[in-house]
Amino acid sequence: MLAVQNLEVVYEDVILVLKGVSLAVPDGAVVALLGGNGAGKTTVLRAITGLLDVHRGSVTKGSVTLDGEPIHALDAPAIVAAGIGQVMEGRRIFSEFTVDENLRVGGHRAPRAEIPARLDRIYDLFPVLAERRRSVAGYLSGGEQQMLAIGRAMMAEPRVLLLDEPSLGLAPLVVQRIRDLIVDINRAGTSVLLVEQNANMALSIADHGYILETGKVVMDKPAAELREDEDVREFYLGLRQEGAASFRDVKHYKRRKRWLS
Amino acid sequence: MDLLLPGLLRGVGIGSLYALLAVSFVIIYRATTVVNFAQPALMILGSYFTALFAVQLGLPFPLAVLLAMAALAVVGAVTERVAMRPLVGQPVFSAAMVTVGVFIVLTMVANRLIGPGIIVVGDPWGIEFLRVGSLTVFQSDVARTVLGLGAVGAVGLFLKRSRVGLAMRATSLDQETALAQGVDVGRMFSLAWAISAALAGLAGMLVGTGSGGLEATAALIALKALPVIILGGIDSIEGAVVAGLLVGVAEALTRVYQPLYAPWLGANFDVVVPYVILMATLMVRPYGLFGTPEVERV
């Protein structure tokens, strides 16, 4: 189980971004982490994967553990080796490399002898990529690039896969396919922490969900309950009994929220 | 015609040396986006170590060259770890200034080691030449071409084909993403410095060959690589090779023809030619022949 306990993160030594966040990703589960822009979702992922340094951030309190072993003091390559894979926001594929080369970078820490077998497994999972293994990755469509980014992370055969907004900028049909792929990957035994603004998609596959607002977890419930929650329906799923949400409602919600958190 | 061919061959010889030096700059630039001004000092240390192993210790010349390159690789990796690594994340300009400091320090070290004398690297070819028909070719030019381009080719192949080479290229494209794949980015920086310093060391040996020897101040010949990397595009190995050969040939042909056709330009005009090419490139194609045009939104 991947567990984050009471995590506090500060950027540039002054900007407090996470104010005591706790969450858990049990083995085999899909956990959704929802929230608006600037809530701190990406920061949670950076703290787990050791990429805060790159952004001049640091963990000032709390811990990240994998099966009870603390990992927040390790550097990024060691965290990958420990079994945590990540698909960063905006896909971040190596656009000058071929599809094959991108996947091979993903397998950087894997035993050399296993690389061909792992490549075959990824190409089985993503037949689109198999067709284009020699093409330059920058010329793939957005959906294919997202699949490549996921495939690249899976080359390390992580126990926990972190996905940062995999639906961002993709057409609804493609989002469906990405969603199905995440389900497939999860069924094959990888736990998933899914960060999304597309709450609809995320809650449709998640077992459990967390809602993050300005650096705090304001809601922590099984996904089924979140889907039924009135506030979540209104402000994250965009569903409402009648009419559209007006500005006054939003203000009302904010007041209510302050109550909650 | 009897002037053209020998001129071309000399040009290819010296051009290969320039290409080798330019590639040594490009490798560090690609990994860290820093132009390493310490490269001339590394080159002259290469001459020194080759002389040390081949002449003073009397080892077989090929072995001496390999040992000198290995020694330089260690110097490069240590320099990166000590002087450059603390600057990761700092502005590139600061890092470039630190390389100037490293240049000064290493030059001092080299001066101390070499003293006021002349380095004789003990190359087996010296000023010998080959005769092909009516044509004479300096062996040093052959050595420069074969070893210079051979080393560059080997490094190119390593970057293209090997797993570590792939990780190095990934690092040069996007450090954060490379980290997220488990690539030890710091190690890639060290490796880039080691390879680059080893190439500079080989260049140091090649600079010292063919003539009676070399003084410590010959380090500045490495700065000829600057016009070459500007012409080739600072992030391209292919560009460095093509541009190195172009600059070398242009220089050699100027030396042959300028006194005949444009004597009013004065003596030794060929020394200026690389910089004329540099300025022309900057005006027409500032990112070089093979470089990546940089788009910056304001």
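Residue numbers begin at 1 in each chain, while the letters A, B, ... track the order of the sequences. Side chains are part of it too, since the values below use all heavy atoms of this structure and drop only hydrogens, waters and symmetry mates. Note that the coordinates shown come from a computational prediction; the quantities given were computed from them, not determined experimentally.
To the nearest 0.5 Å, atoms CG (A:Asp53) and CD (B:Glu176) are separated by 10.5 Å. Summarising the geometry, atom OG1 belonging to B:Thr171 is positioned 7.5 Å from atom CZ belonging to A:Phe94; distances are rounded to the nearest 0.5 Å.
Taking the charged nitrogens against the carboxylate oxygens, A:Glu96 and B:Arg169 have no contact shorter than 4.0 Å, which rules out a salt bridge.
When side chains are defined from C-beta on, A:His108 counts as touching B:Arg163, because their heavy atoms get closer than 4.5 Å.
Chain B forms the most heavy-atom pairs under 4.5 Å with one residue out of A:Gln86, A:Met155, A:His55, A:Glu101, and that residue is A:Glu101. When B:Val185, B:Thr177, B:Leu179 are compared by the number of non-hydrogen pairs under 4.5 Å with chain A, B:Thr177 comes out ahead. When each of B:Val164, B:Asp184, B:Val88, B:Val183 is scored by its heavy-atom pairs under 4.5 Å with chain A, the top score falls to B:Val183.
With a 4.5 Å cut-off on non-hydrogen atoms, A:Arg56 touches chain B through its side chain but not through its backbone. In this structure, the portion of A:Ile115 lying under 4.5 Å from any heavy atom of chain B is its side chain and not its backbone. Interface remark: A:Val105 contributes backbone and side-chain atoms alike to the contact with chain B (heavy atom separation under 4.5 Å).
Other residues, nucleotides and ligands contribute more than 12 heavy atoms inside 6.0 Å of the CZ atom of A:Arg133. Heavy-atom neighbours of A:Glu69 CD from other residues, nucleotides or ligands within 6.0 Å: at or below the threshold of 12. The environment of A:Arg177 atom CZ is sparse: at most 12 non-hydrogen atoms of other residues, nucleotides or ligands sit within 6.0 angstrom. Dense packing is recorded around CZ of B:Phe158, with more than 12 heavy atoms of other residues, nucleotides or ligands lying under 6.0 Å away.
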(message) Quick one, A:Arg92 with B:Gln181, criterion side-chain contact (heavy atoms from CB on, under 4.5 Å). Give me CA distance, side-chain angles, the key distance, then yes/no.
(response) CA-CA 11 Å; A:Arg92 302 283 286 269; B:Gln181 313 310 317; over 6 Å; no
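Counting all heavy atoms, side chain and backbone alike, B:Gly182 lies closest to A:Pro77 at O-CB, 3.5 Å.
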